[in-house]
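Heads up: the structure comes next, in structure tokens.
Convention: sequence-line order gives letters A, B, ...; per-chain numbering from 1.
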Amino acid sequence: MGQLSIYKKLLKHFGKQYWWPAESEFEVIVGAMLTQQSTWRNVEKAIVNLKRERLLTPKAIAQASVPELQKCVRPTGFYRQKARRLRDFARYLERKYNGKLELLFSKPVKDTRDELLSLDGIGPETADSILLYAGGKLIFPIDAYTKRVYERLGLAEGHYSELQKFFHYNLPRDLVVYKEMHALIVELAKDYCSKNKPLCGECPLREQCSFERRFINM
DNA sequence: TCCCAGGCAGGGC
DNA sequence: GCCCTGCATGGG
């Protein structure tokens, strides 16, 4: 089963997702850092808090106190780390790029990626989400959901870079497809491919799911 | 009560 | 390189 037909099935089942939900590129990055090991529901609470306190620009976060940031991001868990990392990132942006994200993205993608990875709190998935959804780069993020879904489907396995190559080789080089595909996989996984829950009878990809066949009579 | 959530960093080996 | 642990709140 090809990537494009999977994409079409998911699109038909779930509809367009219009990710990333944010009002600015900087907000995308803040959300990407906050959603680590946390649900989007809780990230939204933190974003609301930050907006209320006018703390959603690089300059504002760079100048904010850590306790103030902690209070805002507390619902997402790991709030001490996340508050510090957000402030460090904002200060880095201010110092190196005068707070202008377009400068960060105006170099070869690999250079931007390496630079993001060198920062505290930004690993492969966060860096690639930032590159795709804030930078508009053709980079496909691999999260735990994507790994689980594709392993259950028997389509791909391996570590981060191997799974990412599979998507880069097999997906149409189209920004909308990349953005939607990642979002659709997350929706699929949340509804039908939870950890340790094989019951996925309504899954739009159930015909292809080897995991289901092991647990359900088909 | 336990498990999980759109990870990351640092350590031991 | 691989594997483990700490980080922490909120919801099912």
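At a threshold of 4.0 angstrom between heavy atoms, the contacts of A/K82 with the nucleic acid are absent. Heavy atoms of A/P124 sit under 4.0 angstrom from primed sugar atoms or phosphate atoms, though from no base atom. Residue contacts shown for A/L119 are limited to sugar-phosphate atoms, with no base heavy atom under 4.0 Å away. Backbone-only contact: A/I122 has heavy atoms under 4.0 Å from sugar-phosphate atoms and none from a base.
Under the side chain to side chain donor-acceptor pair (under 3.5 Å) criterion, the residue pairs touching residues 118-135 of chain A are A/Q36-A/T126, A/R84-A/D120, A/R113-A/D128, A/D128-A/Y160, A/D128-A/Q164, with sequence neighbours excluded.
Whole-Å rounding puts the A/N49 CG to C/dT9 P distance at 15 Å. The CD-C1' distance, from A/Q70 to C/dA8, rounds to 12 Å in whole Å. With rounding to whole Å, A/R85 atom CZ is found 13 Å from C/dA8 atom C1'. A straight line from CD1 of A/I130 to P of B/dG7 spans 14 Å, rounded to a whole angstrom. One can place CG of A/L34 at 13 Å from C1' of C/dA8, the figure rounded to the nearest angstrom. Here C/dA8 presents its C1' atom at 18 Å from NZ of A/K71, a figure rounded to the nearest Å. Rounded to whole angstrom, the span from the CG atom of A/D191 across to the C1' atom of B/dA5 amounts to 14 Å. In this structure, A/Y160 atom OH and B/dA9 atom P are separated by 13 Å, rounded to whole Å.
Among the nucleotides B/dA5, C/dT9, C/dC2, the one closest to any side-chain atom of A/R74 is C/dT9. Of the candidates B/dG7, C/dC2, C/dG11, B/dG7 carries the atom nearest the A/F78 side chain, counting heavy atoms from C-beta on. Closest approach to the A/P75 side chain among C/dG10, C/dA8, B/dC8 is made by C/dG10 (side chain taken as heavy atoms from C-beta onward). The side chain of A/Y79 has C/dA8 as its nearest neighbour among C/dG10, C/dA8, B/dA9. Residue A/D120 has its side chain nearest to B/dA9 when only C/dC2, B/dA9, C/dA8 are considered.
A/H13 and A/Y192 have perpendicular rings, their planes meeting at more than 60° on a 0 to 90° scale where under 30° would count as parallel.
Going from the P atom of C/dA8 to that of B/dT1 covers 22 Å, rounded to whole Å.
A/K190 has no side-chain polar atom (N or O) that falls below the 4.0 Å cut-off from OP1 or OP2 of C/dG11. Put simply, A/Q37 has a side-chain N or O that comes within less than 4.0 Å of OP1 or OP2 on B/dG7. Residue A/R80 places at least one side-chain N or O closer than 4.0 Å to OP1 or OP2 of C/dA8. Distances shorter than 4.0 Å separate some side-chain N or O of A/R148 from OP1 or OP2 on B/dA5.
Between A/K107 and A/E115, some side-chain heavy-atom pair lies under the 4.5 Å cut-off.
No donor-acceptor distance shorter than 3.5 angstrom exists from the side chain of A/S38 to the backbone of A/T35, with no hydrogens or angles considered. In terms of modelled atom types and a separation under 3.5 Å, the side chain of A/N49 and the main chain of A/C72 share a donor-acceptor contact. A distance-only check finds a donor-acceptor pair linking the side chain of A/T112 to the backbone of A/L104 [under 3.5 Å]. A/E187 places no side-chain N or O within 3.5 Å of a backbone atom of A/F14 that could act as its donor or acceptor partner.
Crowding of A/E157 atom CD: a count of heavy atoms from other residues, nucleotides or ligands under 6.0 Å not exceeding 12.
Interface remark: the A/Q36 side chain does not form any donor-acceptor pair with the B/dC8 base, using a distance-only criterion of under 3.5 Å.
Remark: DNA chain B forms stems of 3 or more consecutive Watson-Crick or G-U wobble pairs, all pair distances under 3.5 Å, at B:2-5 with C:9-12, B:7-13 with C:1-7.
Using a 4.0 Å cut-off between a side-chain N of Lys or Arg and a carboxylate O of Asp or Glu, A/E27 and A/K51 qualify as a salt bridge.
Nearest-nucleotide positions on DNA chain B place A/N42 closer to the 5' end than the other of A/N42 and A/T126.
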